[in-house]
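First comes the structure, then the notes that go with it.
Every heavy atom of this structure was used, including side-chain atoms; hydrogens, water molecules and symmetry mates were not. Count residues from 1 along the sequence.
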Amino acid sequence: MPVSDFLPVQTHARNAAPEGATALTLVQTNAVDDWLRTLSPEQRAWVRSNDFTAESGATLRLLPEADEAPSVVVGWDGKADLNTLGGLPLTLPEGIYRPTQTWDELALLGWWLGAYQFDRYKAARREPAVLVVPQTAAAAAAEAIARAVWLCRDLINTPAADMLPSDLAAAAQSVAQQFNAGIEVTAGDDLLKAQYRTIHAVGRAATDAPRLIDLRWGNTEHPRVTLVGKGICFDSGGLDLKPSSAMRTMTKDMGGAAQALALAQLIMARQLPVRLRLLIAAAENAVAGNAFRPGDIITTYSGRTVEIDNTDAEGRLVLCDALSLATEEEPALIVDFATLTGSARSAVGAEVSAMFCNRDEVADGVYAAGQETDDPVWRLPLHAPYRSMLKSTIADTLNSAPSPFAGAITAALYLEDFVEDQPWLHFDLMAFNSRSRPARPEGGEAMAMRAVFHYLDSRYGARS
């Protein structure tokens, strides 16, 4: 369901809520007795007969008093997070609801995200309930973030047949056009002419040519922020072929690119005063007679040579060329997003983004932003002694450590060698919800994107 086609949260001028909308009230679980005392005896009896104790997420339609509009109450645990309203759009009956309380940006965002349904190939099971709220700064911010998250989810949920490198480039071009951003796409053998040899090597066996997508936006006088996304639109593993069970979900292997593009959209929509650059390395890691091989040596864009230990460690290969390109302008911050290693999932699970950073103050700021936005990240160490696992006898580095240990760390260390000690954030993330939760349906997900935006907004925005 494209976000432009249906708005689950609609705004109105103050004191102009539509007539007939169902009133929606949050009742805090630990204050349910106080709330009961505000009701009429008939309503209290109705609440008790329905065993409503304001357990978080529980709903109850109240008996209307004379001349009163319909009313629904919702149990709430008192925590400020996406769960507050995130379960309601698809559990409340279809219709229009108006809040009786003032809700903050995070709560409103939860409603937006809980209304998401991916219906490109199958009709949605129902229409979400619609929330009408006053036109406020919080409502505008929630809408911009939600549009970015929905874009990210749509891109990840779209299967590879309809989300190959050319399709990913088209999505980036659509976003660029919307915000009058400049964009350049280098594809196929032109990558070799530009010396993006690792991107070309990873994608050359596929029928849809690999690409480097380069988007620019903003005032050149503003601080430079460069986003980099891993856009492996499908990962077979290459000649080191994945087993079918591991290959089944590899349509989401462009999840890093989806995060980066969605974050770029959000930065532009909110007019953040930065000089934005977005680099997406897009390729399909396929198998054919011209596929790159274990043991091959590739000269990267930086000039460093890399020996291929494993063709299934392709994400760091496409990223290293993009990261080297990013460093040429010496931005204030480089941020990359990638569905890079299973080791990161073993370390932090599927619902927390593994974060690596070479600046303590940046890492601390992003961690705090993740806590504030209900978008959790956890820092893992760039443990330099593990670089010994990436030593090659015939090239500058291996692309993958033969050891089964510290896979997320060695992948991050490989990437760190290409950022030349410039301020850098690296996220190794799942980009997918393996279970449904309020505001977080099963399927593609924006992870760390909201945390990074909150950090950038606090650092560079008008409120900083």
Side-chain angles (χ1 to χ4, degrees), residues 3-4 144-145 147-148 151-152 154-155 163-196 199-200 203 208-231 233 254 256-283 301-302 318-338 418-419 422-425 446 449 452-453 456-457 459-462:
V3 70
S4 59
I145 296 169
R147 287 179 179 274
L151 169 65
C152 182
D154 280 351
L155 292 172
M163 190 51 62
L164 289 170
S166 57
D167 302 298
L168 191 52
Q173 287 165 331
S174 177
V175 171
Q177 183 177 17
Q178 182 181 353
F179 295 99
N180 197 30
I183 189 168
E184 181 179 352
V185 179
T186 306
D189 288 345
D190 286 341
L191 292 166
L192 293 175
K193 297 175 185 177
Q195 301 185 56
Y196 307 134
I199 300 173
H200 182 273
D208 196 84
R211 286 161 170 78
L212 178 71
I213 302 160
D214 189 349
L215 179 151
R216 294 174 181 268
W217 172 90
N219 190 325
T220 56
E221 296 180 359
H222 288 158
R224 292 183 181 275
V225 172
T226 299
L227 310 178
V228 179
K230 172 191 169 185
C233 295
M254 40 64 66
Q259 318 291 327
L261 179 57
L263 178 55
Q265 174 180 293
L266 180 56
I267 288 170
M268 292 186 288
R270 298 296 289 166
Q271 293 287 303
L272 205 63
V274 298
R275 174 58 171 163
L276 173 68
R277 189 178 191 186
L278 168 69
L279 297 169
I280 292 175
Y301 180 79
S302 72
V318 299
L319 284 174
C320 74
D321 274 1
L323 287 171
S324 294
L325 179 62
T327 63
E328 292 179 345
E329 295 180 335
E330 299 185 351
L333 183 63
I334 299 171
V335 187
D336 81 69
F337 299 89
F418 295 88
V419 297
Q422 295 188 32
W424 168 65
L425 268 169
M449 185 204 80
V452 173
F453 176 78
L456 294 175
D457 192 27
R459 180 171 171 179
Y460 299 116

Distance check, rounded to the nearest 0.5 Å: [X] atom [atom1] versus [Y] atom [atom2]?
X: Gln271; Y: Trp217; atom1: CD; atom2: CH2; answer: 5.0 Å
X: Leu266; Y: Arg147; atom1: CG; atom2: CZ; answer: 12.0 Å
X: Gln259; Y: Leu151; atom1: CD; atom2: CG; answer: 10.0 Å
X: Ile199; Y: Asp321; atom1: CD1; atom2: CG; answer: 5.0 Å
X: Asn219; Y: Leu276; atom1: CG; atom2: CG; answer: 12.5 Å
X: Gln265; Y: Met449; atom1: CD; atom2: CE; answer: 9.0 Å

Heavy-atom side-chain contact between [X] and [Y] under 4.5 Å:
X: Leu212; Y: Val185; result: no
X: Leu456; Y: Leu272; result: yes
X: Asp189; Y: His200; result: yes
X: Arg277; Y: Asp214; result: yes
X: Ile213; Y: Leu278; result: no
X: Arg270; Y: Asp457; result: no
X: Val225; Y: Arg275; result: no
X: Cys233; Y: Pro165; result: yes

Heavy-atom pair of closest approach, residues [X] and [Y]:
X: Ala262; Y: Ala148; value: CB-O, 3.2 Å
X: Ala322; Y: Leu279; value: O-CD1, 3.4 Å
X: Ala282; Y: Leu168; value: CB-CD2, 4.0 Å
X: Ala257; Y: Gly231; value: CB-CA, 3.6 Å
X: Ala169; Y: Arg211; value: CB-CD, 3.9 Å
X: Pro223; Y: Pro273; value: CD-O, 3.7 Å

Backbone N/O of Ser166 and side chain of Asp208: donor-acceptor pair under 3.5 Å: yes
Side-chain polar contacts of residues 324-338 - donor-acceptor pairs under 3.5 angstrom, sequence neighbours left out - could you list them?
unit_1: Ser324; atom_1: OG; unit_2: Cys320; atom_2: O; d: 3.0
unit_1: Thr327; atom_1: OG1; unit_2: Ser324; atom_2: O; d: 2.7
unit_1: Glu328; atom_1: OE1; unit_2: Tyr301; atom_2: OH; d: 3.4
unit_1: Glu328; atom_1: OE2; unit_2: Tyr301; atom_2: OH; d: 2.7
unit_1: Glu329; atom_1: OE1; unit_2: Arg224; atom_2: NH1; d: 3.4
unit_1: Glu329; atom_1: OE2; unit_2: Arg216; atom_2: NH1; d: 2.7
unit_1: Glu329; atom_1: OE2; unit_2: Arg216; atom_2: NH2; d: 2.9
unit_1: Asp336; atom_1: OD1; unit_2: His426; atom_2: ND1; d: 2.6
unit_1: Asp336; atom_1: OD2; unit_2: Trp424; atom_2: NE1; d: 2.9
unit_1: Asp336; atom_1: OD2; unit_2: His426; atom_2: ND1; d: 3.4

Show your working on side chain to side chain contact (heavy atoms under 4.5 Å, CB included) between Leu155 and Asp167 and close with a plain yes or no. CA-CA 10 Å; Leu155 292 172; Asp167 302 298; over 6 Å; no
